[in-house]
Every structure is written in C-alpha cells, then in structure tokens.
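Dropping the structure in here first, questions after.
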2 protein chains.
Amino acid sequence: MALKDERKIKKTESCPFQEAMDLISGKWTMSIINVLMGGKMRFKELERSVVGINTRMLVKELKQLEHKKIIDRTAFATMPPTVEYALTEKGERLKPVLTEIQVWAIKNMS
Amino acid sequence: MALKDERKIKKTESCPFQEAMDLISGKWTMSIINVLMGGKMRFKELERSVVGINTRMLVKELKQLEHKKIIDRTAFATMPPTVEYALTEKGERLKPVLTEIQVWAIKNMS
DNA sequence: CAGCATCCGTTAGGATACTG
DNA sequence: CAGTATCCTAACGGATGCTG
C-alpha cells in the first residue's frame, strides 16, 4: 500500500520570494537545514540533533526537502540500513539566510 | 464582546533561533514586512499591496507583528478612520534577512 | 536502523457578510 | 476606512505501534 499521509507537498505558489518563504516556513525546516550545515547525517542522528522533533515530522520534512532539492538522500543496503542526508548545493546556498536570521535573533529576541 | 478569534498568539519557544523562525514562519508575515520596508502604510493599502491576502489574515498578522514589536500601529481619530502601520527599529533590522532570502530565491527558485 | 501507518487534536488559512 | 464575526477546510504537529 502506498503512503497514506502523503499530501500534495504544497500548493499554488506565485513569485520566487513566496516560493522561498513557503519552503522556509515550517516549524522544523530551518532547524534541520541548520544542523545539516555541519555535515551529512544519518536519520537517527538527525532525530537526536533536532531537539523535540518526532519521527513522523522528521520523515515528512526530509521528504519535502529532498523533493525540493535542498537535501540529498543516500541509502546503503546494509543491515541494519544506513541512510545519509546531506545538503545539496542549493541547500548550502541557504547559509547566508540562516546566518542573518541567527544574527537578528541573537540581537533582537528576549 | 471581546475578540473571539484571538488565540494565545503563540506557544512555548526555546532558543532565540527558534523564536525567530516562529516569527518568520507564517504565509504572509515576511510579505507584509517586505512591503512595509518601503515605508508606512494604511490598512487598505496593505491589503492591496499584499496580493492574495484577505482581511482576516491581514488583521491577524498585523496584530501578531505589533505584539512582537516588529511594527507600530498609529490610529487617527478621523472619519473615516485612518490607521498607519510602520516597522519599528526591530522590524527594520530584519532587512538583511529579507535581502538574503530574496537573493537566494532569485538564484535558486524555478 | 529507517522508516511507514494510524489515530487525533490544534492551528493556519480562506470567504464573506457586517459594523462603528 | 478599518476592522469584527462566523463558518469551514486543510495542513500542521504529536504519540505511538509496527515492519523490512
């Protein structure tokens, strides 16, 4: 049986800015990208690194990010299975965005 | 009767980064901030400038942004009423974030 | 390990009529 | 003009059990 929980993975978008915002929005998205900035990671490592996320959410986010070419998924046919997630070039280029958000956050929150 | 649609205006947050993301997330948030970068605006002007938004969403977002000190609301007791929205200093400082997102969007979307 | 499936409650978001 | 109120659907998010 196919994946049941799979929705359209997004809707009608307009300008590039909106599309980008659409990508960036999402409770866990940027956190995941953030930890992946440190290098490739396995599923379980991610689950531990992104504090508070649960399996379903992580799977969902990873799928969306993969679909949008922000991350690459590499599976190894070992037993038990090994899967590595890493940022693509496109994903790496989000670095400045991340940086600016963090700079702003540190200076302006709390 | 008090406002019915008013929810908690957000939940438990953790680190400054998450708080910032929490703020930035939201379909219309950055678009609104973006048009306000061009200078103060009235409610109706905003409604026209932020293409696709509807009254309820605009009111909601503006309320949140005001609450988070990103924008200032100034009302004039004229008839018909006049209300102006403008970015605060804190809001203005989001400029670099906006810029980086736009740069990324243009280079990496579609 | 790396996931998928299922149940389920909470928010986000949208359309639109109405008011001071 | 600047919102409010009401009704609704869709998407988000969480907990947890199961499987190749």
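Computed from a predicted model, the values in this text were never measured in an experiment. A, B, ... follow the sequence lines: proteins, then strands. Residue 1 opens every chain.
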> Given C:dG3, is OP1 or OP2 found less than 4.0 Å from the side-chain N or O atoms of A:Tyr85?
Replying inline: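 Answer is yes, contact under 4.0 Å.
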> Distance only, no hydrogens: is a donor on one side chain within 3.5 Å (strictly under) of an acceptor on the other, for B:Glu61 and B:Thr29?
Replying inline: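 Short answer, yes.
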> When the distance from CE of A:Met57 to C1' of C:dT6 is rounded to whole Å, what number comes out?
Replying inline: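 In whole Å, C:dT6 C1' lies 13 Å from A:Met57 CE.
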> At what angle, to 10 degrees, do the two end axes of the helix from C:dC1-D:dG20 to C:dG20-D:dC1 meet, given five pairs define each axis?
Replying inline: 50°
Is there any protein nitrogen or oxygen under 3.5 Å from a nitrogen or oxygen in nucleotides 15-18 of chain C, and what are the pairs?
from	atom 1	to	atom 2	distance (Å)
C:dA15	N6	B:Arg56	NE	3.4

> Could you give the CD-to-C1' distance, from B:Glu47 to D:dT4, as a whole number of Å?
Replying inline: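 Value for this atom pair: 13 Å.
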>> Nearest heavy atom decides the nucleotide; on that basis, is A:Pro81 or A:Lys27 closer to the 5' end of DNA chain D?
In response: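 It is A:Lys27, whose closest nucleotide lies nearer the 5' terminus.
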>> Rounding to an integer number of Å, can you tell me how far A:Glu61 CD sits from D:dC12 P?
In response: 8 Å
>> Please report the distance, rounded to the nearest Å, between CD in B:Glu66 and C1' in D:dG3.
In response: 13 Å
>> From CE of B:Met41 over to P of D:dC1, roughly how many Å is that when rounded to an integer?
In response: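 It works out to 14 Å between those atoms.
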> Given D:dG3, is OP1 or OP2 found less than 4.0 Å from the side-chain N or O atoms of B:Lys63?
Replying inline: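 Checking B:Lys63 against D:dG3: no side-chain N or O falls below 4.0 Å of OP1 or OP2.
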>> Donor-acceptor pair, distance only, cut-off 3.5 Å: does the side chain of A:Ser25 make one with the backbone of A:Met21?
In response: yes
>> Taking side-chain contact (heavy atoms from CB on, under 4.5 Å) as the criterion, tell me which of A:Met41, A:Arg42, A:Arg73, A:Lys44 meets it with A:Val83.
In response: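 Result for side-chain contact (heavy atoms from CB on, under 4.5 Å) with A:Val83: A:Arg73.
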>> Could you tell me how far apart B:Ile24 (CD1) and C:dA12 (C1') are, to the nearest whole angstrom?
In response: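 Distance, rounded to whole Å: 18 Å.
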> Rounded to whole angstrom units, what separation is found between the CD atom of B:Gln64 and the P atom of C:dT11?
Replying inline: 12 Å
> Which nucleotide, C:dG3, C:dA2, D:dA2, lies nearest any side-chain atom of A:Val59?
Replying inline: C:dG3
> How many Å lie between CD1 on B:Ile53 and C1' on C:dG14, as a whole number?
Replying inline: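 One finds 11 Å between C1' of C:dG14 and CD1 of B:Ile53, rounded.
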>> Which is more 5' along DNA chain D, the nucleotide nearest A:Trp28 or the one nearest A:Met79? Just name the residue.
In response: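 Closer to the 5' end of DNA chain D: A:Trp28.
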> Is there a donor-acceptor pair under 3.5 Å between the side chain of B:Thr88 and the backbone N or O of B:Ile70?
Replying inline: yes
> Donor-acceptor pair, B:Trp104 side chain versus A:Lys90 backbone, under 3.5 Å?
Replying inline: yes
